[in-house]
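Working notes, beginning with the structure itself.
None of these values were measured; they are calculated from a predicted model. Every chain is numbered from 1 and lettered A, B, ... according to where its sequence line falls, protein lines coming before strand lines.
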There are 2 protein chains.
Amino acid sequence: MRIGELARRVGVSTRALRYYEQRGLIRSRRSANGYREYDESDVRIVTEIRELMSVGFTLEDARPFVDCLRSGHPSGGSCPESVAVYRRKLAEIDREIRDLLARRAEVAAQFADACPGCLSRA
Amino acid sequence: MRIGELARRVGVSTRALRYYEQRGLIRSRRSANGYREYDESDVRIVTEIRELMSVGFTLEDARPFVDCLRSGHPSGGSCPESVAVYRRKLAEIDREIRDLLARRAEVAAQFADACPGCLSRA
DNA sequence: CTAAAGCTTGACGCCGGTGACAAGGTCAAG
DNA sequence: CTTGACCTTGTCACCGGCGTCAAGCTTTAG
């Protein structure tokens with residue numbers, strides 16, 4: 001299939017697909033006229049990328065998952081490198097949550113300080 | 001005082017101060033040679049800006065606080081507009097925390113799905 | 001035959017808050 | 001006079017993930 005159909009099937013723009021290719025996450029065969037050609041394995045890969053991105057992974061984070069799928073694994077997350085990314089992302093998220101909680105407390109404190117009584121009426 | 005001294009006193013770069021001015025958050029008088037001139041009220045304003053930024057406020061978020069100080073209030077956070085920003089930021093932070101918690105759960109679920117047994121050994 | 005839809009590469013824009021550089025003016029000390 | 005510290009404006013670069021044009025191909029439908 002060509003880029004437009006792939007885009008439609010996985011729900012991304014053609015621009016995004018070309019960008020993924022430029023970043024080395026997907027590859028394309030070219031037909032005689034220069035058009036990109038894709039198959040079902042590409043659908044699988046892009047789907048995996050979008051699933052990961054939907055939970056906050058970056059494209060770089062997704063790379064090991066793509067490699068894992070390409071190497072024949074049925075799941076992109078079963079390779080050691082992917083597992084490492086999962087653990088790292090969980091740790092990152094945990095840290096961000098802690099930071100946000102701390103910031104929330106600081107803001108509330110500044111607020112209470114600057115405007116006594118305001119917080120209780122919020 | 002000139003920009004270098006102000007920068008040193010509040011612990012920001014001169015570049016940042018010019019940027020704040022460009023964004024309309026601080027103002028400067030100019031001496032005959034074109035150098036920016038500041039006084040204690042500017043020290044106060046920039047200090048307020050940095051305090052707010054240190055807890056994640058953007059420059060735009062800081063604007064009502066600056067206006068509040070300029071209008072003569074001893075605290076930048078006591079004006080209604082500033083209070084509104086405080087409330088909005090608290091709500092934003094709360095939403096971000098909820099999103100992160102939800103994302104964390106999704107990541108953990110994907111992880112558990114892709115690699116059964118991995119999470120428990122984490 | 002033509003128009004429309006789809007494809008190609010290339011390049012700029014965005015957002016926030018600067019850092020870093022260029023190319024100059026100013027001013028006090030030695 | 002010169003050096004060096006300080007000041008000026010202006011501009012490019014960054015990061016991520018694209019959106020959006022531009023200008024030109026191919027293919028398909030009518």
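Toward the 5' end of DNA chain C, the nearer of the two residues B:Arg2 and B:Leu59, judged by each one's closest nucleotide, is B:Leu59.
To the nearest angstrom, P of C:dG17 lies 14 Å from CD1 of B:Ile26. The distance from atom CG of A:Leu6 to atom P of C:dG6 is 15 Å, rounded to the nearest whole Å. The CZ atom of A:Arg15 sits 12 Å away from the P atom of C:dA11 (whole-angstrom rounding). If you take CD of A:Glu21 and P of C:dT9, they are 7 Å apart, rounded to a whole angstrom. In this structure, A:Gln22 places its CD atom 9 Å from P of C:dG10, rounding to the nearest Å. The CD-P distance, from A:Glu5 to C:dC7, rounds to 9 Å in whole Å. The separation between B:Arg18 atom CZ and C:dA20 atom C1' is 12 Å, rounded to whole Å. Atom-to-atom, OH of A:Tyr19 to P of D:dG19 comes out at 11 Å; the value is rounded to the nearest Å.
To the nearest 0.5 Å, atom CD1 of residue A:Ile93 and atom CZ of residue A:Arg98 are 12.0 Å apart.
Of all non-hydrogen atoms in B:Leu25 and B:Arg63, the two that sit nearest each other are CD2-CA, 3.6 Å. Heavy-atom minimum distance, B:Tyr38 versus B:Arg29: CA-NH2, 3.6 Å. Taking every heavy atom of both residues into account, A:Ser71 and A:His73 meet most closely at OG-ND1, 3.1 Å. Between B:Glu48 and B:Leu69, the shortest heavy-atom contact is CB-CD1, 3.8 Å.
Counting only heavy atoms from C-beta on, B:Ala16 has its side chain closest to C:dT18 among D:dC18, C:dT9, C:dT18.
Using a 4.0 Å heavy-atom distance criterion, A:Arg30 is classed as a sugar-phosphate-only contact.
Donor-acceptor pairing under 3.5 Å is lacking for the side chains of B:Glu37 and B:Ser28.
Of the residues in residues 33-55 of chain A, those lying under 4.0 Å from DNA chain C by heavy-atom distance are A:Gly34, A:Tyr35, A:Arg36.
Within 6.0 Å of atom CZ in B:Arg27, 12 or fewer heavy atoms from other residues, nucleotides or ligands are found, so the atom counts as exposed in its surroundings.
One finds no side-chain N or O of B:Thr14 lying less than 4.0 angstrom from the OP1 or OP2 phosphate oxygen of D:dC6.
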